[in-house]
Amino acid sequence: MDEEKRFAAPRRRRGVYLLPNLFTTATLFGGFYAIIAAMNAKFSHACIAVAVAMAADSLDGLVARKTNTASEFGKEYDSLCDMVAFGVATSIVMYSFSLHYLSAHEWLGGKLGWLAAFLFTACAALRLARFNVLASRGGAKGNFFGLPSPGAAAVLIGFVWMSDRFGWRGSTLVLPAVILTIGAGILMVTNLRFFSIKTIRLTQRVPFRYIVFSVGVLALFCIEPPLTFFLIFFSYALSGPVLWLYGRARRPAAAAVAAPREPPAL
């Protein structure tokens, strides 16, 4: 009898970890509230809700790793909540603020606005699916391939938040809204590399200028949060293409230096 108990299959643990999934649920709530706020033309509230969802999304993984409560259920739940907050909710906020004004134009039969919003949503879904595949194969460590969906969402909500803060009407910002929506969507599905904050080790020494820069950014954020928020994430979105172009420009010079020199003609 004792031997049967010893070799019996281990019982599966039921239930889910509460703490990290609470933060993940906060991500879902932020996205859901952003949709409700955008439908009622409360765009600043919608943008702040997505920003809170971004903070909760960054904390759930950290909490899961620190408390050793990571699970397959948590990973799948996190992806679904990210899709709602950074894909669906963000595109609806941008569409409600500016893109819907394109229905009055004849471009693509008046459908360019919601097509741009759908493109962003679809690219967010593709980006999350690719990330999950790479993570399952152990290839999602280090820098990101493609603009992360929270970063892409931050560009759009930062633009809406800044515009609403300064009283700019969405009807006059249709062109930049389309460019940002389509551009951020495409950047999510490219193979461009983007810096990951997870690679930063907070316990290691850094140059003193890094601290001065961080204090300066914090001061600017306290003075004008929407503008600072947009500029930070817009610069981050541009970092991938800029670094790629910089690398392409350096290749011919590096190849010329590495190439063997021909002996002088006699």
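We're numbering straight along the sequence, starting at 1.
Val178 and Trp168 fall within the same hydrophobic cluster, defined by Ile, Leu, Val, Met, Phe, Trp and Tyr side-chain heavy atoms under 4.5 Å apart, directly or through other members. Following chains of ILVMFWY side-chain contacts shorter than 4.5 Å, one cannot reach Val189 starting from Phe194, and the two form parts of different hydrophobic clusters. Val84 and Leu126 sit in two unconnected hydrophobic clusters of ILVMFWY residues. Membership requires side-chain heavy atoms under 4.5 Å apart, directly or through other members. The hydrophobic clustering, which links ILVMFWY residues whose side-chain heavy atoms are closer than 4.5 Å, places Met83 and Tyr95 apart. Residues Phe166 and Leu175 do not share a hydrophobic cluster, clusters being chains of Ile/Leu/Val/Met/Phe/Trp/Tyr side chains in contact below 4.5 Å.
Applying the salt bridge (charged side-chain N to carboxylate O under 4.0 Å, His left out) test to Glu76 and every residue at least two apart in sequence or in another chain returns nothing. Listed by chain and number, the residues in a ring-ring contact (aromatic ring centres under 6.0 Å, His included) with Tyr246 amount to none (sequence neighbours excluded). Residues forming a side-chain contact (heavy atoms from CB on, under 4.5 Å) with Val52 (at least two apart in sequence, or on another chain): Ile48.
Between Thr181 and Leu119 there is no side-chain heavy-atom pair separated by less than 4.5 Å. Taking the side chain as every heavy atom from C-beta outward, Arg130 and Asn191 approach each other to under 4.5 Å. Under the 4.5 Å side-chain criterion, counting only non-hydrogen atoms from C-beta, Thr25 is in contact with Tyr77. The closest side-chain heavy-atom distance from Arg169 to Leu173 is not below 4.5 Å. Using a 4.5 Å heavy-atom cutoff, the side chains of Leu128 and Phe86 are not in contact.
Taken from CG in Leu180 to CG in Leu187, the straight-line distance is 10.5 Å, to the nearest 0.5 Å. A distance of 8.0 Å separates CG of Leu134 from CZ of Phe131, quoted to the nearest 0.5 Å. The CZ atom of Phe43 sits 15.0 Å away from atom CE of Met162, with the distance rounded to the nearest 0.5 Å. Atom-to-atom distance recorded for Asn21:CG and Thr69:OG1 is 8.0 Å, nearest 0.5 angstrom. To the nearest 0.5 Å, the span separating CD1 on Ile92 from CD1 on Ile36 amounts to 9.0 Å. Between atom NZ of residue Lys75 and atom CG of residue Leu80 there is a gap of 14.5 Å, rounded to the nearest 0.5 Å.
Closest non-hydrogen pair, Ile182 versus Ala116, comes out as CG1-CB, 4.0 Å. Nearest heavy atom pair, residue Thr24 against residue Asp60, reads OG1-OD2, 2.9 Å. The heavy-atom pair separating Ala53 from Gly30 by the smallest distance is CB-CA, 4.2 Å. Nearest heavy atoms, Ala38 versus Ala46: N-CB, 4.0 Å. Taking each heavy atom of Val50 and Ala34 in turn, the nearest pair found is CG2-CB, 3.6 Å. Among all heavy-atom pairs drawn from Asn132 and Ser79, the shortest one is ND2-OG, 3.0 Å.
More than 12 heavy-atom neighbours from other residues, nucleotides or ligands sit within 6.0 angstrom of OH on Tyr101.
Each side chain to side chain donor-acceptor pair (under 3.5 Å) pair with one or both residues in residues 39-50, not counting sequence neighbours, appears once here: Ser44-Asp164.
The main-chain N or O of Phe120 is never found under 3.5 Å from a side-chain atom of Ser91 such that the two would form a donor-acceptor pair. The backbone N or O of Gly87 sits nowhere less than 3.5 Å from a side-chain atom of Thr90 that would complete a donor-acceptor pair. In this structure, Ser103 contributes its side chain and Lys111 its backbone to no donor-acceptor pair below 3.5 Å.
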Contacts under 3.5 angstrom, residues 215-242 side chains, donor-acceptor by atom type, not counting sequence neighbours:
residue, atom, partner, partner atom, Å
Glu224, OE2, Arg165, NE, 3.2
Thr228, OG1, Leu220, O, 3.0
Thr228, OG1, Glu224, O, 2.9
Ser235, OG, Leu231, O, 2.7
Tyr236, OH, Phe195, O, 2.6
Ser239, OG, Tyr236, O, 2.5

Residues 144-161 side chain polar contacts: donor-acceptor under 3.5 Å, at least two apart:
none

